[in-house]
Amino acid sequence: MSDTPVFWVYILKCSDGSMYTGQTIDLSRRVALHNAGKGAIFTRGRRPVTLVYAEKTASRGDALRKEKEIRRLPKKAKELLLKTWNDKT
């Protein structure tokens with residue numbers, strides 16, 4: 001078993017249709033925190049949230065860069081990213 005943590009970049013779909021992008025090392029715990037109202041301020045008033053995208057990265061730096069890249073995308077581009085990801089899974 002490897003001691004190297006796995007870093008995730010994720011997108012949540014909020015109840016109002018908006019999307020939230022974040023990064024974490026414990027994906028299921030982080031989604032649960034968002035749904036408990038203890039995640040980001042952005043998601044607190046938009047619950048429940050649903051995980052719609054998750055991508056493993058090699059390091060926290062890679063996760064932060066990918067998160068920033070996704071956050072800069074317009075909503076249509078994010079939707080295309082989700083469609084492409086869902087077609088693969």
Side-chain angles (χ1 to χ4, degrees):
M1 186 175 339
S2 174
D3 290 339
T4 305
V6 174
F7 296 91
W8 294 92
V9 176
Y10 63 92
I11 299 175
L12 302 175
K13 184 93 166 220
C14 300
S15 63
D16 66 357
S18 62
M19 288 185 244
Y20 174 82
T21 304
Q23 54 83 27
T24 186
I25 59 171
D26 189 339
L27 191 56
S28 59
R29 179 179 175 275
R30 188 67 178 144
V31 173
L33 283 172
H34 282 289
N35 274 316
K38 298 177 182 174
I41 291 171
F42 182 87
T43 60
R44 286 184 192 160
R46 295 171 169 89
R47 293 178 288 152
V49 298
T50 305
L51 180 68
V52 293
Y53 177 86
E55 179 181 340
K56 285 183 188 181
T57 62
S59 68
R60 182 171 302 277
D62 288 346
L64 290 169
R65 280 186 287 282
K66 185 69 175 184
E67 175 187 14
K68 194 174 195 178
E69 176 186 318
I70 292 171
R71 283 187 176 190
R72 288 181 176 159
L73 294 174
K75 189 171 183 177
K76 292 284 185 188
K78 287 179 189 177
E79 290 169 349
L80 181 59
L81 174 67
L82 299 180
K83 182 182 179 339
T84 303
W85 183 72
N86 285 321
D87 288 347
K88 291 180 186 176
T89 57

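Pairs passing the ring-ring contact (aromatic ring centres under 6.0 Å, His included) check and including a residue from residues 45-75, sequence neighbours excluded, read Y53-W85. Residue pairs that meet the salt bridge (Lys or Arg N to Asp or Glu O under 4.0 Å) test with at least one member in residues 17-33, sequence neighbours left out, do not exist here. Judged as a salt bridge (Lys or Arg N to Asp or Glu O under 4.0 Å), the pairs with a partner in residues 35-55 (not counting sequence neighbours) are, in order, D16-R46, E55-K66.
Judged as a salt bridge (charged side-chain N to carboxylate O under 4.0 Å, His left out), and not counting sequence neighbours, E79 has no contacts. Considering only residues two or more places apart in sequence or on other chains, K75 meets the side-chain hydrogen bond (donor to acceptor under 3.5 Å, both in side chains) condition with none of them. A77 meets the side chain to side chain contact (heavy atoms under 4.5 Å, CB included) test with L73, P74; sequence neighbours excluded. Here T43 pairs with H34 under the side-chain hydrogen bond (donor to acceptor under 3.5 Å, both in side chains) rule; sequence neighbours left out.
Across all their heavy atoms, E67 and T21 have their closest contact at OE2-O, 3.5 Å.
V9 is not connected to F7 by any chain of hydrophobic side-chain contacts under 4.5 Å among Ile, Leu, Val, Met, Phe, Trp and Tyr, and they are in different clusters.
Taking the side chain as every heavy atom from C-beta outward, I70 and M19 never approach each other to under 4.5 Å.
Hydrophobic side-chain contacts under 4.5 Å tie L33 to no other Ile, Leu, Val, Met, Phe, Trp or Tyr residue. W8 belongs to a hydrophobic cluster with V6, Y10, L12, Y20, L27, V31, F42, V49, L51, counting contacts under 4.5 Å between side-chain heavy atoms of Ile, Leu, Val, Met, Phe, Trp and Tyr, direct or through other members.
In this structure, K78 NZ and S18 OG are separated by 9.0 Å, a value rounded to the nearest 0.5 Å.
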